[in-house]
Amino acid sequence: MGASWTPPRAPRGTADILPEQVHAWHRVERTAAELAERYGYRELRTPAFEALELFARGMGEGTEVVEKEMFLLAPSGRARVEAGPGEAPDAGPRAQAPAGGHGAGGAEPLALRPEFTAGVVRAYRQHGLDKTRGLLKVYSIGPLFRYERPQKGRQRQFHQVNLEALGTGDPRAELELIAFAQDLLGALGIPDFAVRLNSIGCAQCRPGYRERVRALLQPRRERLCANCRARLDRNAFRVLDCKLCAEHTADLPPMAEQLCAACAEHFAAVRAGLELLDVPYRIDARLVRGFDYYTRTVFEFPSGRLGAQDALGGGGRYDRLIPDMGGPELGACGLAFGIERLLLAMDPAATGSAAAEAAERARRAAAVYVAATPEPGPRAAALELVTELRRAGLEAEFDLAGKSLKAQLRAADKAGFGWVVIVGPEELARGEVALRQMAAGHQQRLPRAELLARLAPAVPLAARPAR
RNA sequence: GUGGCUGUAGCUCAACCGGUUAGAGCGCCAGACUGUGGCUCUGGAGGUCGGGGGUUCGAGUCCCCUCAGCCACCCCA
């Protein structure tokens with residue numbers, strides 16, 4: 001041992017969430033979960049990976065994410081070996097994909113989930129919830145994976161809070177989601193809540209609009225960027241999303257003005273609802289979003305604190321997704337927030353290490369450190385005592401590093417323990433312990449049997465052992 | 001995938017126009033009449049100067065390549 005092998009770093013675009021950061025994560029996750037429950041959403045946990053096919057069907061084959069950002073999985077180590085060492089590792093996650101139908105008994109290709117919606121709808125269908133429940137309101141919190149170049153507010157493994165209301169076409173479903181968003185950001189202390197809103201129509205009215213855009217843009221095709229020239233044929237609609245070509249597309253008629261009667265009515269209802277709820281919003285005719293499943297309402301929640309990736313969250317309606325997955329003609333909508341982005345937008349005073357340390361010290365003020373002199377007897381007694389205290393419901397700690405008594409005290413002080421119990425040969429012989437109250441600097445001897453009672457005020461009632 | 005910036009101890013940073021054993025603060029460990037924290041003092045551990053190659057008598061300092069991080073494009077949470 002002792003060779004100069006250094007382990008690889010955490011993979012690009014991933015991050016370790018260290019104990020002092022977990023404090024802030026918990027705050028976001030708990031706040032979101034509690035709020036979602038209050039809004040009638042219940043937690044659903046789906047797998048971190050699914051059949052690749054599911055995502056292709058859900059988000060759309062031509063989607064950026066499906067086309068080049070998926071993390072493909074080899075179903076087993078064996079499958080990868082069978083794929084052969086000759087396979088050129090052609091950069092990117094696809095290098096590890098099993099050659100179709102090859103290996104692992106022809107298992108279907110799998111992919112790490114790049115979003116929640118597809119898996120949620122899959123679960124809804126798979127368990128027949130469209131039949132037994134109709135309406136299903138669920139939320140999920142967890143990691144998602146996208147093979148992208150990392151930057152501010154963008155990781156390869158990132159985390160979302162996701163809500164979905166499946167089985168309803170009612171515009172009030174979107175409104176409920178937007179109200180939730182407003183409450184969540186408020187609860188997290190993120191200022192300047194705003195909604196960017198648009199309607200992108202439905203299967204009836206969008207194709208016509210798409211053709212119109214194409215017709216209008218065809219004459220100036222050469223002035224568009226390469227990307228948009230390709231989009232013109234595939235999905236002219238997305239040209240609206242391009243910032244490079246913004247000046248050439250500025251005069252296009254907004255989709256929201258080309259809606260069919262049903263979509264127009266729906267959009268009007270959403271807008272009226274926002275006004276009713278007093279939610280500040282702005283129509284953004286360029287908001288189209290990158291997944292094919294969206295219909296009608298789409299929205300985003302921007303923040304000035306984020307940098308280029310300025311959406312804290314977003315979502316919308318996807319009335320075609322359930323039927324496209326073989327289900328009944330039921331509408332649905334959903335929304336997602338990026339947890340990393342929420343953290344970025346929150347006040348550093350609430351998410352920083354100082355806040356975590358303060359929380360840690362507050363908790364430790366009621367905790368006990370059991371210090372012992374170096375002899376075997378006291379050290380064994382410390383183990384026994386610390387276990388007894390823990391079983392009585394107290395947070396208790398002791399030294400595992402072989403520190404001197406002085407160093408143990410120093411450690412206890414630094415960590416903010418409110419109490420230190422000291423055991424040495426003398427106390428041990430008399431069946432006593434020394435109890436030191438750190439803040440006051442008071443110390444007293446007492447019979448070991450009385451220790452728990454003396455510390456009792458610090459013990460939460462519920463944690464006390466039942467008699 | 002493309003572009004820009006950055007890369008020296010665990011952390012934040014020094015090191016003049018290339019010149020001797022690469023420094024500081026914080027943190028960590030240990031001591032200050034031998035069983036006791038916070039202050040102070042003293043000492044100590046810890047660096048292949050991201051990696052490789054080149055130029056040079058000599059490179060942390062210059063050049064090339066590479067890797068990583070950050071930011072931006074793109075896309076999105």
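Residue numbers start from 1 in every chain, and the chains themselves are labelled A, B, ... in the order their sequence lines are given, proteins ahead of strands.
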Assert: residue with more 5' nearest nucleotide on RNA chain B, out of A:Gly314 and A:Arg12, is A:Arg12
Shortest side-chain distance from A:Lys403, nucleotide among B:C29, B:C71, B:G38 = B:C29
If pairing means Watson-Crick or G-U wobble with both distances under 3.5 Å, then the partner of B:C13 is B:G23
From the list B:C74, B:C70, B:A68, which nucleotide is the closest neighbour of the side chain of A:Pro150?
-> B:C70
Given that A:Arg149 and A:Glu300 both sit by RNA chain B, which one's nearest nucleotide is further toward the 5' end?
-> A:Arg149
Give the nucleotide from the list B:C28, B:A77, B:U36 with an atom nearest to the side chain of A:Arg154.
-> B:A77
Report yes if a donor N or O on one partner sits less than 3.5 Å from an acceptor N or O on the other, where the partners are the side chain of A:Gln309 and the base of B:A72; otherwise report no.
-> no
When you check the gap from the basic side-chain N to the acidic O, do A:Glu148 and A:Lys68 get nearer than 4.0 Å?
-> no
Distance-only donor-acceptor test (3.5 Å): side chain A:Glu427, base B:G35 = yes
Is A:Phe337 stacked on the base of B:A77, with ring centres under 5.5 Å apart and planes under 30° apart?
-> no
May I ask you to test the A:Thr117-A:Tyr293 pair for a side-chain heavy-atom distance under 4.5 Å?
-> yes
Between B:C71, B:G38, B:A77, which nucleotide has the shortest distance from any of its atoms to the side chain of A:Gln151?
-> B:C71
Determine the interatomic distance between P on B:U42 and the same-named atom on B:G27; round to the nearest Å.
-> 15 Å
Picking from B:A77, B:C71, B:C73, the nucleotide nearest the side-chain atoms of A:Ala308 would be B:C73
Go ahead and name the base partner of B:C29; Watson-Crick or wobble counts if both distances stay under 3.5 Å, otherwise write none.
-> B:G43
Donor-acceptor pair present, A:Gln408 side chain and B:U36 base, under 3.5 Å = no
Mind running ring pair (Phe, Tyr, Trp, His ring centres under 6.0 Å) on A:Tyr369 and A:Phe398 for me, showing each step along the way?
-> CA-CA 6 Å; A:Tyr369 190 102; A:Phe398 69 138; 8.3 Å; no
Options B:G37, B:A72, B:A77, nucleotide nearest the side-chain atoms of A:Arg341 | B:A77
Paired nucleotide for B:C73 [Watson-Crick or G-U wobble; both distances under 3.5 Å] = B:G1
Exercise: identify the closest heavy-atom pair between A:Pro114 and A:Met70 = CG-SD, 3.6 Å
Could you tell me which non-hydrogen atom of A:Asp319 sits nearest to which non-hydrogen atom of A:Gly331, and how far apart they are?
-> OD1-CA, 3.1 Å
Classify the side chain of A:Glu69 and the base of B:C74 as holding, or not holding, a donor-acceptor pair under 3.5 Å.
-> no
If we take the C1' atom in both B:G43 and B:G54, what is their distance in whole Å?
-> 43 Å
Testing B:G37, B:A77, B:A72 for proximity to the side chain of A:Lys406, the answer is B:G37
